[in-house]
Amino acid sequence: MIEVKSLIKRFGLKNVLAGVNFSAIPGEFVVLLGPNGAGKTTFLRILASLSRPTLGSVLVAGFKLPSEAAEVRMRLGVVSHNPLLYGDLTAEENLDFFGRLYNIHGRDSRIHEVLGLVGLSARRRDLVRTFSRGMQQRLSIARSVLHDPDVILFDEPYTGLDQDASEMLDGVLKSVAAAGRTVVMTSHDLARAEDLGTRFDVLNNGKIENSIKKQDMGTENLLAYYKRVLAG
Amino acid sequence: MIEVKSLIKRFGLKNVLAGVNFSAIPGEFVVLLGPNGAGKTTFLRILASLSRPTLGSVLVAGFKLPSEAAEVRMRLGVVSHNPLLYGDLTAEENLDFFGRLYNIHGRDSRIHEVLGLVGLSARRRDLVRTFSRGMQQRLSIARSVLHDPDVILFDEPYTGLDQDASEMLDGVLKSVAAAGRTVVMTSHDLARAEDLGTRFDVLNNGKIENSIKKQDMGTENLLAYYKRVLAG
Amino acid sequence: MSREQKPKADYFKSIMAITRKDLSAELRSRELLSAMLVFSLLVILIYYFTLELDIKNRNAITAGALWVTFSFAGTLGLNRSMAIEKDRGCLDGLLLAPVDRSVIFFGKALSNLAFMFIVEAIVIPVYAIMYNVNLLIPGFLGVTILGSVGYISVGTLISAMSVQTRTRDVLLPILLFPLVIPILVAAVKASNGYLLNLQWSEISPWINVLLVYNVIFLAVSFMVFDQVVEE
Amino acid sequence: MSREQKPKADYFKSIMAITRKDLSAELRSRELLSAMLVFSLLVILIYYFTLELDIKNRNAITAGALWVTFSFAGTLGLNRSMAIEKDRGCLDGLLLAPVDRSVIFFGKALSNLAFMFIVEAIVIPVYAIMYNVNLLIPGFLGVTILGSVGYISVGTLISAMSVQTRTRDVLLPILLFPLVIPILVAAVKASNGYLLNLQWSEISPWINVLLVYNVIFLAVSFMVFDQVVEE
Amino acid sequence: MSPQPKVLKALNIISLVLLIGGYYLSLFYAPTEKVMGNVQRVFYFHVATAWVGMLGFLLAALFAVIYLAKKDLKWDAYGLAAVEISLVFFFITIVLGSIWARPAWGTWWTWEPRLTTAAILELIYLAYLMLRQGIEDPEQRARFGAVYTILGGLSIPLTLVSIRMFRTIHPVVIGSGGSEKMGMTDSMVFVMLYCIVAFSIIFANMYWHRLRLGQLAEQVEQAKMKLEL
Ligand code: HEM
Ligand SMILES: Nc1ncnc2c1ncn2[C@@H]1O[C@H](COP(=O)(O)OP(=O)(O)OP(=O)(O)O)[C@@H](O)[C@H]1O
Ligand SMILES: Nc1ncnc2c1ncn2[C@@H]1O[C@H](COP(=O)(O)OP(=O)(O)OP(=O)(O)O)[C@@H](O)[C@H]1O
Ligand SMILES: [Mg+2]
Ligand SMILES: [Mg+2]
């Protein structure tokens with residue numbers, strides 16, 4: 001569960017987020033749309049407790065940010081523009097390390113499971129720095145769902161993934177959403193977004209300019225909707 | 001014009017490219033498909049003279065690599081996984097710098113033109129390091145076409161681009177291909193690939209496993225074709 | 001789902017997980033340690049070459065030369081150890097983990113300290129042979145340990161800051177050295193006391209300075225660490 | 001389209017484009033120069049703090065202290081200047097440009113040299129004032145320039161290598177210092193000769209060493225540079 | 001892996017015999033030096049190991065040039081093997097020198113140009129190994145290594161002339177008037193020359209083994225690769 005009220009984030013004198021109101025309930029799959037530089041990454045970093053809001057209140061998984069950040073983090077799965085992995089450790093060691101920090105029970109079998117999920121079982125003993133872009137992205141996804149988080153924040157998770165991996169990620173996201181988790185994802189791939197999301201929010205000019213549920217979209221497709229919103 | 005014969009590239013003992021034969025003529029738009037880790041980036045880096053072939057002969061724009069690299073580079077436009085830009089310079093200064101190295105006549109007006117093309121005119125005086133991912137990618141594209149190259153090598157150029165920017169890039173690529181340039185692009189976005197490409201090559205297991213011209217595809221769509229090739 | 005409690009990882013186990021990760025990555029490549037060691041030897045050599053001190057002067061500067069060496073090698077180690085965290089955004093990954101920020105601080109500080117101790121354990125005997133001085137004095141070694149703890153505790157904090165700036169490779173020594181000069185001076189003075197066999201009354205003030213600085217630096221670094229790692 | 005010739009950019013203009021880009025980026029942020037300067041001052045301070053030399057000894061080590069300072073500050077500068085190229089893959093960008101690799105070498109070497117000279121131009125007068133020695137001796141300044149040229153020519157080559165390794169922040173001094181020690185020693189000896197007003201016959205061998213090393217290092221670095229920047 | 005060729009087997013035995021001969025000659029045959037006494041016997045191995053040490057470093061520089069011209073990884077392997085073996089020999093030189101210095105100069109180590117330049121030379125090649133360690137791609141590793149060994153090779157002459165440029169207590173033998181140095185009798189000269197030749201052959205023997213080891217390791221890697229595929 002996420003609840004954000006009049007969130008402002010300033011870099012220098014520029015208000016990148018200028019009063020964002022946003023909420024998402026369990027089971028909801030929100031796709032965050034918006035042009036380059038709209039502030040999507042900035043917004044997700046704040047939800048992930050990686051960046052402090054300049055003003056405004058943020059509630060994630062029922063806990064306040066930034067004060068109850070530790071509780072939030074335990075329930076959070078994040079994929080960002082960076083892989084968040086150690087190049088000098090193998091795939092397996094990376095997951096083992098994070099597994100310890102998240103205090104996961106049955107760590108080994110869980111690691112085995114997620115590695116299989118993202119199709120990296122065969123490369124689990126290779127150093128991450130020798131991985132291709134798509135392989136790092138896969139491992140990054142494995143890392144983010146390792147502890148079975150309640151809230152999932154994915155910033156362009158399809159970046160660099162091939163067909164197989166994309167289908168795998170489709171499956172992961174669908175099953176997670178079906179299990180009553182909250183998902184917020186950004187993507188520039190509207191076809192994919194349309195297929196997965198249950199709600200579409202457009203971030204533009206520092207505000208959520210529009211929000212629509214899938215069932216309310218009628219016959220209009222997402223691309224048309226998005227263009228209409230941006231056109232004002 | 002590109003001609004590659006029995007190209008081998010080895011990392012350590014691993015043959016990442018194990019005998020690639022490839023050629024592309026002016027006006028052809030080749031989309032290079034293949035799963036994560038297939039070696040697409042490695043292949044493009046060799047064509048771009050950034051990486052040396054272990055074995056095999058490579059001809060780009062009529063010149064041999066690596067011996068006539070300087071001639072090749074003059075005619076080459078590259079977009080890679082990295083933006084290839086200086087974070088401490090503004091967008092304009094970056095283009096000006098590369099413009100000098102490429103000895104472009106009428107530099108200022110050309111820079112003005114490409115900045116407009118990628119929609120960054122308004123941000124041209126901002127430091128590149130404050131750009132969002134998509135904005136960096138746009139500038140990276142501007143940089144690559146600055147000198148009006150004969151051969152275009154784009155490695156997942158749509159990464160991070162929003163709708164507008166993607167459409168801009170579609171336009172750029174189509175006009176470039178129509179002007180008789182040679183384009184090689186990798187992408188995991190099959191819908192886009194199908195729309196743009198005139199030929200589709202699948203790189204897998206270190207070889208070009210299949211190559212098909214668009215007019216020969218018949219009613220089969222690209223996704224089905226790609227899956228069939230991978231399935232063997 | 002929301003407010004029900006989930007079991008948190010044990011405090012000390014989490015610290016050890018971080019330290020262990022650093023040590024095992026280093027054990028694989030051994031690049032950090034070998035770099036610190038070769039660099040130490042180089043600093044000693046350059047010292048000799050550019051200064052050409054005569055024998056009498058040399059003895060008087062043993063402690064000074066060693067501490068300059070340790071602090072330069074230490075910066076190298078601190079820089080690298082934090083750069084590893086920053087490279088693929090790993091620091092963000094650590095910050096996302098449901099552990100207290102102090103866990104990250106202690107985990108990193110412990111592995112930095114381990115690297116520092118290993119380097120000292122090799123450089124001191126080498127120096128003793130090369131300059132023909134006896135350094136196997138318990139008091140001297142004790143001072144070295146004390147000084148290192150102080151150095152590393154501020155160092156870990158400062159390196160976490162400097163690595164997040166654009167000029168990360170250059171900023172660390174500039175921020176760190178002025179802060180640790182009291183520690184360096186106290187350590188040099190106290191070591192010299194032991195090396196020259198001075199009275200305890202002449203050494204103890206410096207030991208006190210070291211202890212006080214250690215406590216203060218450790219406490220402050222530990223307290224403000226979360227401020228420097230969060231955006 | 002294929003084999004027809006396109007006009008290439010002028011050799012010297014391209015070199016200047018690279019140097020100018022470095023200088024103007026630096027002019028905007030001034031972070032590299034200020035880092036090198038502050039670091040230089042710190043090294044000088046630490047030297048005196050840990051060594052506690054008396055006046056007589058101080059004069060004898062002026063040249064040594066200055067050259068240790070220059071070489072450490074120089075590494076800082078070299079590292080940063082190449083790291084800028086590597087960060088967003090810029091080095092690839094440079095390599096894609098249709099210019100000879102030697103253009104890149106000379107462009108980077110020139111801007112590195114400019115940074116080095118600026119730092120020297122500030123550190124030398126400050127040192128002269130702080131320690132009350134006269135350093136405005138043409139011979140001394142000439143030696144400083146000679147030594148810097150040699151140092152920077154190998155330094156540019158080595159930093160282009162080290163920045164491409166995994167341990168880039170630590171490897172540069174380790175690779176560079178043992179190679180440039182001949183230059184450092186010769187520069188120190190020759191400078192001392194001028195400072196202590198020795199005969200030309202005592203200075204000239206060192207000047208010769210400097211000249212020989214400069215020529216060799218510059219020639220070799222320039223010749224092999226393309227080997228270290230290409231994959 | 002093919003078994004050791006006959007020549008190599010013979011060389012093993014010859015090396016061993018030569019080494020034992022060297023021990024015998026230096027420890028028992030050579031006359032006791034008048035001033036320094038028995039420690040001086042270290043001299044023969046000290047000089048011989050210094051010679052092969054520097055020989056290897058020079059060879060590495062030579063192979064580096066060939067590698068850069070030919071780009072055949074074989075030359076890189078040759079260069080690496082030469083450096084590794086020479087590092088060991090040169091380390092022995094330093095240790096033997098130290099052992100000698102203890103009674104001769106009353107200290108294990110003193111700061112003196114020959115010793116210092118020797119230490120620097122050792123450090124250059126340690127740095128070389130560290131450089132290699134930081135690079136994954138074998139081709140890039142070979143190129144960077146080659147460039148660095150060429151630069152390192154330039155430092156060897158300096159180490160040699162250092163004793164002539166500085167006033168120093170480390171003696172100059174070859175090419176000096178011979179006034180100050182210890183009085184070498186003919187038999188001493190013979191033992192010295194013997195040791196130099198003997199160690200050159202031992203060096204060649206070890207070098208061969210080291211190359212074979214490299215090939216073996218490569219085969220193991222290849223076998224592993226096949227298993228994975
Ligand atoms: C490049 C390395 C070196 C070479 C080529 C070398 C060569 C030699 C030679 C030829 C001699 C015999 C001089 C004579 O008999 O007149 C000698 C003597 C000696 N060397 Fe070295 N040496 C090297 C490094 C070292 C090192 C690193 C040490 C000490 C740690 C050392 C300590 C000595 C000592 C103590 C003597 C005897 C000095 C005396 O007779 O008073 N040498 N060396
Ligand atoms: N550290 C910073 N300093 C100054 N401005 C910044 C900083 N980080 C981001 N910005 C600015 O904030 C705005 C939003 O950036 P953000 O990365 O959130 O965009 P985004 O919506 O994720 O875009 P994209 O789709 O391209 O990833 C941009 O205009 C960017 O220039
Ligand atoms: N420097 C390197 N050392 C060792 N292996 C490497 C190196 N660079 C790439 N590889 C390996 O080469 C293979 C091909 O990598 P490459 O980056 O070309 O793949 P790709 O087709 O671009 O994949 P993606 O779609 O994920 O970008 C991968 O298995 C990768 O692990
Ligand atoms: Mg973004
Ligand atoms: Mg790729």
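Protein chains get the first letters and strands the later ones, always in sequence-line order, with residue 1 at the start of each.
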Does the side chain of D:L66 reach to within under 4.5 Å of the side chain of D:F140, using non-hydrogen atoms?
-> yes
Just wondering, do E:L8 and E:R212 contact through their side chains at under 4.5 Å, heavy atoms?
-> yes
Is E:F89 close to E:M206 at the side-chain level, that is, under 4.5 Å between some pair of heavy atoms?
-> yes
What part of D:L171 lies closer than 4.5 angstrom to a heavy atom of chain E: side chain, backbone, both or neither?
-> side chain
Quick one: does D:I203's side chain get under 4.5 Å of D:W200's, heavy atoms only?
-> yes
Between the side chains of D:Y11 and D:S102, is a donor N or O closer than 3.5 angstrom to an acceptor N or O?
-> yes
Considering only heavy atoms, give the residues of residues 144-152 of chain E separated from chain D by less than 4.5 Å, sorted numerically, with 'none' for an empty result.
-> E:F144, E:V147, E:Y148, E:I150, E:L151, E:G152
Could you look at D:V228 and say if it's the side chain, the backbone, both or neither that has a heavy atom under 4.5 Å from chain E?
-> both
Tell me the residues of residues 68-80 of chain E whose non-hydrogen atoms fall below 4.5 Å from those of chain D, in number order.
-> E:L68, E:K71
Quick one: what part of D:I174 sits under 4.5 Å from any heavy atom of chain E, side chain, backbone, both or neither?
-> both
Please name the residue in the list E:F57, E:Y125, E:W51 that meets the ring-ring contact (aromatic ring centres under 6.0 Å, His included) test with E:F90.
-> E:F57
Quick one: does E:Q219's side chain get under 4.5 Å of E:L216's, heavy atoms only?
-> yes
Heavy-atom contact with chain E under 4.5 Å, split by part of D:F217 = side chain
